[in-house]
Amino acid sequence: MPVVLVHERPDAATDDVGWNESIEGETIGSQVSIIMVYSTREGAGPRLHRHPYTETFVVRHGRALFTVGDERLEAVGGQVLVVPAFTPHKFASIGSEPFVSTNIHANPTFETEWLE
């Protein structure tokens with residue numbers, strides 16, 4: 001029978017509202033790492049960086065302005081963006097609604113090269 005590994009949210013909340021956490025996959029036996037983002041501050045987001053693996057952004061609510069390579073695009077809740085390995089990228093939340101996303105790193109650990 002397979003073993004299921006469960007990560008418990010540190011604050012013991014039972015919903016995903018306000019969940020901000022980075023989870024490295026290797027700590028829970030997974031081949032992917034996850035960043036849970038919930039932000040109510042306009043302009044919040046990471047500065048320009050890249051990874052040696054693909055990063056997938058599941059935008060669940062709100063809006064953010066993404067810079068991916070030379071392209072700028074507005075992402076909204078209900079969209080999924082995939083950033084290829086080694087592609088510089090950043091995002092900043094925009095608008096008055098909370099920005100909520102689940103960012104999936106195709107690697108069991110976070111490997112980030114900060115470019116600004």
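Between Thr102 and Ile34 there is a side-chain heavy-atom pair separated by less than 4.5 Å.
At least one donor-acceptor pair closer than 3.5 Å links the side chain of Tyr53 to the backbone N or O of Glu111.
Between Ala75 and Leu81, the shortest heavy-atom contact is CB-CD1, 3.7 Å. Of all non-hydrogen atoms in Ile104 and Val32, the two that sit nearest each other are CG2-CB, 4.1 Å.
The stretch residues 30-40 participates, sequence neighbours left out, in no salt bridge (charged side-chain N to carboxylate O under 4.0 Å, His left out) pair at all. Contacts classified as ring-ring contact (aromatic ring centres under 6.0 Å, His included) and involving residues 68-87 (residues at least two apart or in different chains) are not found. Listed by first then second residue, pairs satisfying side-chain hydrogen bond (donor to acceptor under 3.5 Å, both in side chains) with a partner in residues 72-85 read Arg63-Glu74, not counting sequence neighbours. Sorted by first and then second residue, the pairs that involve residues 28-49 and meet side-chain hydrogen bond (donor to acceptor under 3.5 Å, both in side chains), not counting sequence neighbours, are His49-His51, His49-His89. Screening residues 3-33 for ring-ring contact (aromatic ring centres under 6.0 Å, His included) gives no qualifying pairs among residues at least two apart or on separate chains.
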Does the side-chain contact (heavy atoms from CB on, under 4.5 Å) test come out yes or no for Ile35 and Glu21, once each step is laid out? CA-CA 6 Å; Ile35 299 175; Glu21 185 177 4; over 6 Å; no
Would Ile28 and Ile23 satisfy side-chain contact (heavy atoms from CB on, under 4.5 Å), going step by step from the backbone distance to the final call? CA-CA 8 Å; Ile28 58 171; Ile23 305 165; 4.0 Å; yes
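Applying the side chain to side chain donor-acceptor pair (under 3.5 Å) rule to Thr109 yields the partners Asn107; only residues at least two apart in sequence or on another chain are considered. Partners of Glu116 according to the salt bridge (charged side-chain N to carboxylate O under 4.0 Å, His left out) rule, which considers only residues two or more places apart in sequence or in another chain, are Lys90. Applying the ring pair (Phe, Tyr, Trp, His ring centres under 6.0 Å) test to Phe99 and every residue at least two apart in sequence or in another chain returns Phe91. Contacts of Asn103 classified as side chain to side chain donor-acceptor pair (under 3.5 Å), with partners at least two apart in sequence or in another chain: Ser101. With sequence neighbours excluded, the residues that form a salt bridge (charged side-chain N to carboxylate O under 4.0 Å, His left out) with Asp11 are Arg9. Applying the salt bridge (charged side-chain N to carboxylate O under 4.0 Å, His left out) criterion to Glu24, with sequence neighbours excluded, gives no partner residue. A search for ring pair (Phe, Tyr, Trp, His ring centres under 6.0 Å) contacts involving Phe110 returns His105, not counting sequence neighbours.
The same ILVMFWY cluster, assembled from side-chain heavy atoms under 4.5 Å apart, contains both Phe57 and Val68. Under the 4.5 Å side-chain heavy-atom criterion for grouping Ile, Leu, Val, Met, Phe, Trp and Tyr, Val83 is connected to Phe66 within one hydrophobic cluster.
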